[in-house]
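Let me begin by presenting the structure, written as structure tokens, before commenting on it.
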Amino acid sequence: MRVVFLGTPDFGVPSLKALVEAGYEVVGVFTQPDKPKGRGNKMLPSPVKVCAQGYGIPVYQPVKIRLDGVEALRALSPDVCVTAAFGQILSQEILDIPRVGTVNVHSSLLPKYRGSAPINWAVMEGEQVTGVTTMMTDKGLDTGDILLKKEVAILPGETAEELTVRLAPIGAELLIETLRRMEAGTCPRTPQDEREASYFPMLKKEMGDIDWRMDAKSIVCRVRGLTPWPGSSFQWGDGEMIKVWKAEEAENPGKAPGEIICADGKQGLVIAAGKNAVRVLEMQAPGGKRMQAKDYLRGHPVSYTECKVTEEESHGS
RNA sequence: CGCGGGGUAGAGCAGUUCGGUAGCUCGUCGGGCUCAUAACCCGGAGGUCGAGGGUUCAAGUCCCUCCCCCGCAA
């Protein structure tokens, strides 16, 4: 089978590797163009590109595949296309190119958590189980027929970042099984149940602003789900922004949301929330590195008595 | 050359403006107090101040070069 792989971040790498190692003829890899990234604005290739080059597979980086990538893809005459966190929307014209169709590896139990950040949202919503799904891509956003699904438990305290690392190889395995069964003609294919469907939007930086009026459990879930990007942060009164990397629920002796219950090297940092309170375990100040809250507090005495409480601006969108 | 912060004891920091004996909190080790303790008291160990060069009677501090780390923005 001639396979064309489309993917961009780390999540896709195990799938690409699995394809190659399972003996599929990966004739081309599409990935997002290199972008200036990181300190110094160096141009950085996507993880999938690096992996593809390691195998000597031709790499294509159209800005918008549905506009400037169609001919390149057609020229590869793939039997099947495989996508895994590619990051670009495929047009019907693109979907019509591979003979068998386009298989997508999606990191949730579809039809739940459609959208571009399923892992983050599942964690943010406090789910205890999620998984990966392979599906036939169609014109809609994660709406195609489901092929195979595998459930995976979300561990207590696990962050989206950690879960992504665990899910990626599981997705790769499921992908190979899916292709094998498709070739054997034994792969199930079932339409998604729209009544069960849920869609969650792309992450935005503003989602990282901690709203101390929410209950502590939700805040902790968001901290986990928004790791590593955009991260969760709050502001000391009118002072520095602090990024929270790790937190847990704690008791609130009756303080108002945003009030600092304690902040010293011995007791650690505890801030009142809408319900209960949040104990910050790992934090990071601007310009500083990530560290244990107690370590931070030893060298940075805190004089504020409360944190800025997110005001007015209506959330959502 | 995108903007900016930083590297000082095992950890987190102060000290650098204006050169003059290396400080703080915690940890650690020893001792004490206590029914007891993550509490408290006393004492100790632990540092090529990121690297190299320069200026100087004298450099953590001033000058030059380099290495490494981090935040923002994308």
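Just so you know, these numbers use all the heavy atoms, side chains as well, and skip hydrogens, waters and symmetry mates. Since the model is a prediction, treat every value here as computed from it, not as a measurement. Order of the sequence lines fixes the chain letters, A, B, ..., with proteins taken first and strands second; residue numbering starts at 1 for each chain.
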Point to revise | P atoms of B:G27 and B:A11, separation to the nearest Å | key: 15 Å

Exercise for review: Could you check whether A:K37 gets within reach of a base, just the sugar-phosphate, or nothing at all, counting any heavy atom under 4.0 Å?
Suggested key: base

Exercise for review: Look at all strands and tell whether A:K42 reaches a base, only sugar-phosphate, or nothing, counting heavy atoms closer than 4.0 Å.
Suggested key: nothing

Check your understanding: Which base sits across from B:U34 as a Watson-Crick or G-U pair, both distances under 3.5 Å?
Key -> none

**Study point:** Outermost nucleotides of RNA chain B that come under 4.0 Å of a non-hydrogen atom of chain A
**Key:** B:G2 to B:A74

Check your understanding: With sequence neighbours left out, what residues match A:T178 under side-chain hydrogen bond (donor to acceptor under 3.5 Å, both in side chains)?
Key -> A:T134

Review point. Reckon A:K294 touches a base, only the sugar-phosphate, or nothing at all at heavy-atom distances under 4.0 Å?
Key: nothing

Check your understanding: Contact class for A:R39 (heavy atom, under 4.0 Å): base, sugar-phosphate, or nothing?
Key -> base

Practice item. Rounded to whole angstrom, note down the P distance from B:U21 over to B:A58. Key: 15 Å

Review point. Does some side-chain heavy atom of A:F86 sit less than 4.5 Å from a side-chain heavy atom of A:I65?
Key: yes

Exercise for review: Pick the C1' atom in B:U56 and in B:G12, then give their distance to the nearest Å.
Suggested key: 34 Å

Check your understanding: If the C1' atom of B:C24 is compared with that of B:A14, how far apart are they to the nearest Å?
Key -> 7 Å

Exercise for review: For A:Q284, report the nucleic acid contact type (base, sugar-phosphate, nothing); a contact means any heavy atom under 4.0 Å.
Suggested key: sugar-phosphate

Review point. Taking the side chain as C-beta and beyond, is there a heavy-atom pair between A:C81 and A:L73 under 4.5 Å?
Key: yes

Revision key, fill the gap. Partner of B:G2 under the Watson-Crick or G-U wobble criteria, both distances under 3.5 Å, comes out as B:C72

**Study point:** Separation between the P atoms of B:C63 and B:C68, rounded to whole Å
**Key:** 23 Å

Review point. Could you give the distance from CZ (A:R222) to NZ (A:K217), rounded to the nearest 0.5 Å?
Key: 16.0 Å

Exercise for review: Can you tell me, in whole Å, how much space there is between the C1' of B:A73 and that of B:G2?
Suggested key: 8 Å

Check your understanding: Expressed in whole Å, how much space separates the C1' atoms belonging to B:U28 and B:A45?
Key -> 9 Å

Revision key, fill the gap. Residues passing the salt bridge (Lys or Arg N to Asp or Glu O under 4.0 Å) test with A:E93, sequence neighbours excluded, are A:R74

Point to revise | Given RNA chain B, 5'-ward residue of the pair A:M291 and A:K205, judged by closest heavy atom | key: A:M291

Exercise for review: Under 4.0 Å between any heavy atoms, over every strand shown, what does A:G265 touch: base, sugar-phosphate, or nothing? Just pick one.
Suggested key: nothing

Revision key, fill the gap. On RNA chain B, more 5' by nearest nucleotide between A:K35 and A:Y296 is A:Y296

Revision key, fill the gap. Taken in chain and number order and not counting sequence neighbours, the residues that satisfy side-chain hydrogen bond (donor to acceptor under 3.5 Å, both in side chains) with A:E71 are none

Review point. What distance, rounded to whole Å, do you find between the two C1' atoms, one in B:C49 and one in B:G19?
Key: 15 Å

**Study point:** Qualifying ring-ring contact (aromatic ring centres under 6.0 Å, His included) pairs with a residue from residues 63-82 of chain A, counting only residues at least two apart or across chains
**Key:** none

**Study point:** Watson-Crick or G-U wobble mate for B:G43, both contacts under 3.5 Å
**Key:** B:C29

Exercise for review: List in chain and number order the residues that pass side-chain hydrogen bond (donor to acceptor under 3.5 Å, both in side chains) with A:R39, two or more places apart in sequence or in another chain; answer none if no residue qualifies.
Suggested key: none

Check your understanding: Should B:C24 form a Watson-Crick or G-U wobble pair with both distances under 3.5 Å, which nucleotide is its partner?
Key -> B:G12

